[in-house]
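First the structure, in the form of structure tokens, and then the observations on it.
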Number of protein chains: 2
Amino acid sequence: MQTRHRPYHHGDLRAALLARAEETLRDKGQAALSLRELARDLGVSHAAPSRHFKDKQALLDALALIGFERFTDHFAGSQERAGESFAQRLDAAVRAYVGFALANSALLDLMYSIKHDPQASEALTAAVNRWYEETTGLIAEGQRLGEVREGPTDRVALPVLMTLYGFAGMAVSGLLAPEALEEQLNDVIAYILRGCARE
Amino acid sequence: MQTRHRPYHHGDLRAALLARAEETLRDKGQAALSLRELARDLGVSHAAPSRHFKDKQALLDALALIGFERFTDHFAGSQERAGESFAQRLDAAVRAYVGFALANSALLDLMYSIKHDPQASEALTAAVNRWYEETTGLIAEGQRLGEVREGPTDRVALPVLMTLYGFAGMAVSGLLAPEALEEQLNDVIAYILRGCARE
DNA sequence: ACCTGAACACCGTTCAAGT
DNA sequence: ACCTGAACACCGTTCAAGT
């Protein structure tokens with residue numbers, strides 16, 4: 001039986017590079033990520049990656065894009081599984097943020113270090129917008145339920161976003177005591193509920 | 001008139017390296033920071049920096065340390081100039097965070113990307129503790145004034161810290177619209193006040 | 001279209017040797 | 001004590017040439 005014909009490599013070098021890059025990121029950190037080593041690992045010449053990523057930053061951007069998409073899926077999934085009240089949805093949201101951060105710490109660092117200029121890639125901008133809208137949707141839903149103060153949803157949501165962003169970032173940086181995590185989660189949830197409460 | 005005798009170089013290569021490194025960081029970003037270029041700029045051999053920093057990471061750690069120290073000074077100074085009420089002090093605190101972030105964006109990125117293991121340098125750990133205590137002191141003062149809810153100060157302060165941390169991080173990442181900054185500041189201050197309000 | 005191989009201009013790190 | 005110079009083992013990027 002003959003193996004299926006493949007152009008040169010195993011068919012999708014781009015996807016293979018991204019997959020291997022994420023493994024390296026997870027195992028050895030961003031500093032240890034090199035295009036040449038990636039190419040060696042995949043049995044391809046060191047110049048091959050340039051066909052798929054114009055430079056190293058383009059590969060990092062693509063990884064960050066994957067991170068934003070995965071996070072949004074993770075967040076949306078946890079919202080679907082959550083209860084109906086705002087408090088229950090917020091609980092699920094905070095856990096989604098921190099859970100993702102702890103399970104994807106190097107990737108989150110990369111996502112946080114990306115500069116979101118207006119001239120960033122279209123796909124990245126779209127993914128960041130989806131992330132923003134998904135989290136903001138939580139507040140919109142709370143307003144609809146009458147459990148969150150009225151006002152422009154973006155303005156009510158932004159402080160909450162900052163708190164979630166900060167929680168995830170501090171967790172990844174090692175600034176939070178892991179053994180107090182459950183306590184921190186509960187404190188933050190109660191704090192956000194007060195911050196969003198109706199007047 | 002004879003120039004004063006200098007050992008080899010201009011006396012304090014370590015300080016000169018840090019100063020030049022911060023300029024480069026500010027002007028061209030962390031990616032453009034190279035020990036060899038630093039050495040060239042200072043007219044010294046490329047191996048000279050290794051006398052003062054055992055490797056590149058040690059120089060980055062030293063820069064982050066400077067960042068934490070400068071931020072704490074900036075924060076403490078702004079608290080001294082602030083009014084007496086908790087709302088006034090919180091206003092000053094939020095502005096100190098965001099102001100520092102916008103004025104030292106590359107340095108803040110570096111500070112955020114530092115991993116705070118227990119085996120980090122003693123000086124860095126001390127600087128981070130000073131940062132933490134300075135911000136937590138704001139909450140302690142609010143409690144003393146009876147304007148902030150009771151309870152263990154660390155637990156009341158942590159959600160506030162996360163919000164401030166997130167505000168600074170999102171500002172530096174370009175996730176906030178600069179023209180809405182004043183509005184965002186006021187919204188966040190009101191949100192934190194509600195989050196900290198007495199029961 | 002996709003990849004190779006060689007070339008170029010850089011890196012960080014180490015270490016004997018100099019002052 | 002502090003720095004130099006050479007050496008080593010890497011990088012990212014480019015480009016003619018191959019299939």
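In what follows, chains carry the letters A, B, and so on, assigned in the order in which the sequence lines appear, proteins first and then strands, with residues in each chain numbered from 1. Predicted model, so just to flag it, every value in this text is computed and none were measured.
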Separation of dC10(D) atom P from K56(B) atom NZ, nearest Å, is 18 Å

Let me know the distance between CG of L17(A) and C1' of dC2(C), rounded to the nearest Å. 13 Å

To the nearest angstrom, the CD-P distance between Q57(B) and dT13(C) comes to 9 Å

Which whole-number value in Å describes the distance from R40(B) CZ to dC3(D) P? 18 Å

Could you state the CZ-P distance from F53(A) to dC11(D), rounded to the nearest angstrom? 18 Å

Mate of dC11(C) where both pairing distances stay under 3.5 Å, Watson-Crick or G-U: none

Any side-chain heavy-atom pair from N104(B) and F71(B) closer than 4.5 angstrom? no

Look through every strand shown and name the nucleotide pairing with dT4(C) as Watson-Crick or G-U wobble, where both distances are under 3.5 Å. dA16(D)

Do NZ/NE/NH1/NH2 and the carboxylate oxygens of E147(B) and R89(B) come within less than 4.0 Å? no

R144(B) and E141(B): salt bridge (charged side-chain N to carboxylate O under 4.0 Å, His left out), yes or no, with the steps? CA-CA 5 Å; R144(B) 209 181 57 72; E141(B) 175 71 6; 3.2 Å; yes

Given dT14(C), is OP1 or OP2 found less than 4.0 Å from the side-chain N or O atoms of R51(B)? no

Looking only at the side chain of A47(B) (C-beta and beyond, no hydrogens), which of the listed nucleotides dG5(C), dC15(C), dC11(C) gets closest? dC15(C)

Output yes when at least one side-chain N/O atom of H52(B) is less than 4.0 Å from OP1 or OP2 of dC3(D), else no. yes

Check the angle between the aromatic planes of H116(B) and F68(B) and answer parallel, tilted or perpendicular using the 30° and 60° thresholds. perpendicular

Relative to the 5' end of DNA chain D, which residue comes earlier, A48(B) or E37(A), by the nucleotide with the nearest heavy atom? A48(B)

For the pair F100(B) and H74(B), name the ring-plane relationship: parallel under 30°, tilted 30 to 60°, perpendicular over 60°. tilted

Below the 4.0 Å mark, does dC10(D) have OP1 or OP2 next to a side-chain nitrogen or oxygen of S34(A)? no

Return the value, rounded to whole Å, for the distance between atom CG of L35(B) and atom C1' of dT14(C). 14 Å

May I have the distance from L42(B) (atom CG) to dT4(D) (atom P), rounded to whole angstrom? 11 Å

Nucleotide nearest S50(A) (side chain, heavy atoms from C-beta), chosen from dA7(D), dC11(D), dT14(D): dT14(D)

When rounded to whole Å, the CG to C1' distance for the pair D12(B) and dA1(D) reads 14 Å

Side chain of H46(B) only, please: which of dT13(C), dT4(C), dT4(D) is the nearest? dT13(C)

